[in-house]
Amino acid sequence: MTQPKDATRATLEAQARLAASLPPEDGADLERARKGFIDTLPHARIENAKGWPAWDLTPFAFQADGEVCPPTVNPSLWRQAQLNLNHGLFQVTEGIYQVRGFDLSNITFVEGDEGFIVIDPLTSAEPAAAALALMRKHRGDKPVSAVIYTHSHVDHYGGVKGVLTDADIAGGARIVAPEGFLAEAVSENVLAGNVMNRRATYMYGALLPRGPRGHVDSGLGKAVSGGQVSLIAPTESISKTGTRLTLDGVEIVFQVTPGTEAPAEMNFFFPRHKALCMAENCTCQLHNLYTRAGPRCATPRRGVSISTRRSTCSPRTPRCCSPATTGRAGAPRTRSRSWRPRATSTSSSTTRP
């Protein structure tokens, strides 16, 4: 097949049945997705040193708000794709900010006494550097005092050299990760690197043309960025739930969650901000349960157990609960009848509800 095909009759019928089963759209998730917006880059276009785009949302303009779901696209995937098209710098709560839509994952900034604590510096350096520049534009030209990796997947550490310089490292910048992070990161992306890259081409539909008969979305975000991937080893590892660290004057309480969404992963709570980071253990789409993604499958029972025991690191009800992806940060809420499932397939022409 050299050209994308229209949906078959069976697909059209399946899409129609799914659409008819969904509750009316109330706009609440779109409102939450836009809450706290500060600024962004036009089309989130970010170029590398040679002028090639490391990231660009221009090809996804066909998903703009108000556009009707095409017959070739799963209705839930279309809705998630439109939510994921929101991008830029957002305030989560006082002292905590996220840049969303600059990569598959989000990058989070916490204001410390002297600089910024960076959580999950994306997949590649160029989008991470652009996110840091946007943060500095609005919150001051401060250094990066610490970096936290929530888990061992490349879209949560690969852009670290976009936010940390050699001078930062020499100056004592701290890099915190869950126990076993480095071994798992190397195992997945170095030892199995060629296989993982080939897998990603298929799983994310990287070679499909952007459009309603090709690549629509990746569920977690639009796609994977194409800049320089890097890794700086952690200076500190978290091995025990209840561990407390103070980074740049900010107290953090950790909950280790190995063998959940990733083999090495952790959640953490900011008592001062009453803010909880759930890594990718809580997201707004199906993720790594029975996965084509290449990493080890998540263990649903363990993941649910960890999530329900989050009080081990946040004894008080948090004001905000932020996943490391999709950026639907805001006041926690119980899922109601208006919640819709999200599809995670990237190829709309092969999506089945």
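A side-chain N or O of Thr257 and one of Asn281 form a donor-acceptor pair less than 3.5 Å apart. A donor-acceptor contact under 3.5 angstrom links the side chains of His87 and Thr40, judged on distance only.
Rounding to the nearest 0.5 Å places NE2 of His156 at 5.5 Å from CG of Asp120. To the nearest 0.5 Å, atoms CG (Asn86) and CZ (Arg100) are separated by 9.0 Å. In this structure, CG on Leu104 lies 6.0 Å from OG1 on Thr123, to the nearest 0.5 angstrom. Considering CZ of Arg244 and CD1 of Ile238, their distance stands at 12.5 Å, rounded to 0.5 Å.
The ring pair (Phe, Tyr, Trp, His ring centres under 6.0 Å) contacts involving residues 4-49 comprise Phe37-Phe90, where partners must be two or more places apart or lie in separate chains.
Distance alone, capped at 3.5 Å, is enough to place a donor-acceptor pair between the Asp248 side chain and the Glu114 backbone. Side chain of Trp55 to main chain of Ser124: no donor-acceptor pair is present (N/O by atom type, distance under 3.5 Å, no hydrogens or angles). Remark: the backbone N or O of Lys222 is paired with a side-chain donor or acceptor of Ser218 at under 3.5 angstrom. Between the side chain of Gln82 and the main chain of Gln63, a donor-acceptor pair closer than 3.5 Å is present.
Exactly one residue among Leu57, Ile107, Leu134, Leu89 makes a side-chain contact (heavy atoms from CB on, under 4.5 Å) with Phe102. That residue is Leu134.
A salt bridge between Arg79 and Glu25 is present, with a side-chain N of the basic residue lying under 4.0 Å from a carboxylate O of the acidic one. The pair Glu13-Arg9 meets the salt-bridge criterion, since a charged nitrogen lies less than 4.0 angstrom from a carboxylate oxygen. Taking the charged nitrogens against the carboxylate oxygens, Asp29 and Arg34 have no contact shorter than 4.0 Å, which rules out a salt bridge. Salt bridge Glu251/Arg272: absent, no basic N to carboxylate O contact under 4.0 Å.
The two atoms that bring Asn106 and Leu122 nearest to each other are C-CD2, 3.5 Å, heavy atoms only. Residues Asn84 and Gly219 come closest through the heavy atom pair ND2-O, 3.0 Å. Nearest heavy-atom pair, Tyr149 versus Met266, reported as atom, atom and distance to 0.1 Å: O-CE, 3.5 Å. Between Ala81 and Asp217, the shortest heavy-atom contact is CA-OD1, 3.4 Å.
Counting heavy atoms from C-beta on, the side chains of Phe270 and Ile252 come closer than 4.5 Å. At least one side-chain heavy atom of Phe62 sits under 4.5 Å from a side-chain heavy atom of Pro212.
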How far apart are the C-alpha atoms of Asp103 and Ser105, what are their side-chain angles, what is the distance that settles it, and do they pass the side-chain hydrogen bond (donor to acceptor under 3.5 Å, both in side chains) test? CA-CA 5 Å; Asp103 206 324; Ser105 56; 5.1 Å; no

Under the side-chain contact (heavy atoms from CB on, under 4.5 Å) criterion, do Val253 and Phe268 qualify, and how do the steps go? CA-CA 5 Å; Val253 187; Phe268 38 91; over 6 Å; no

Please determine whether side-chain hydrogen bond (donor to acceptor under 3.5 Å, both in side chains) holds for the pair Gln98 and Thr108, giving the CA-CA distance in whole Å, both sets of side-chain angles, and the decisive distance to 0.1 Å. CA-CA 4 Å; Gln98 281 186 329; Thr108 303; 3.1 Å; yes

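More than 12 heavy-atom neighbours from other residues, nucleotides or ligands sit within 6.0 angstrom of CD on Glu67. No more than 12 heavy atoms of other residues, nucleotides or ligands sit less than 6.0 Å from atom CG of Asp166.
Side-chain rings of His151 and Tyr157 stay apart, their centers remaining 6.0 Å or farther from each other.
By the side-chain contact (heavy atoms from CB on, under 4.5 Å) test, Arg139 is found to be paired with Tyr97, Glu111, Phe116, Met135, residues two or more places apart in sequence or in another chain being considered.
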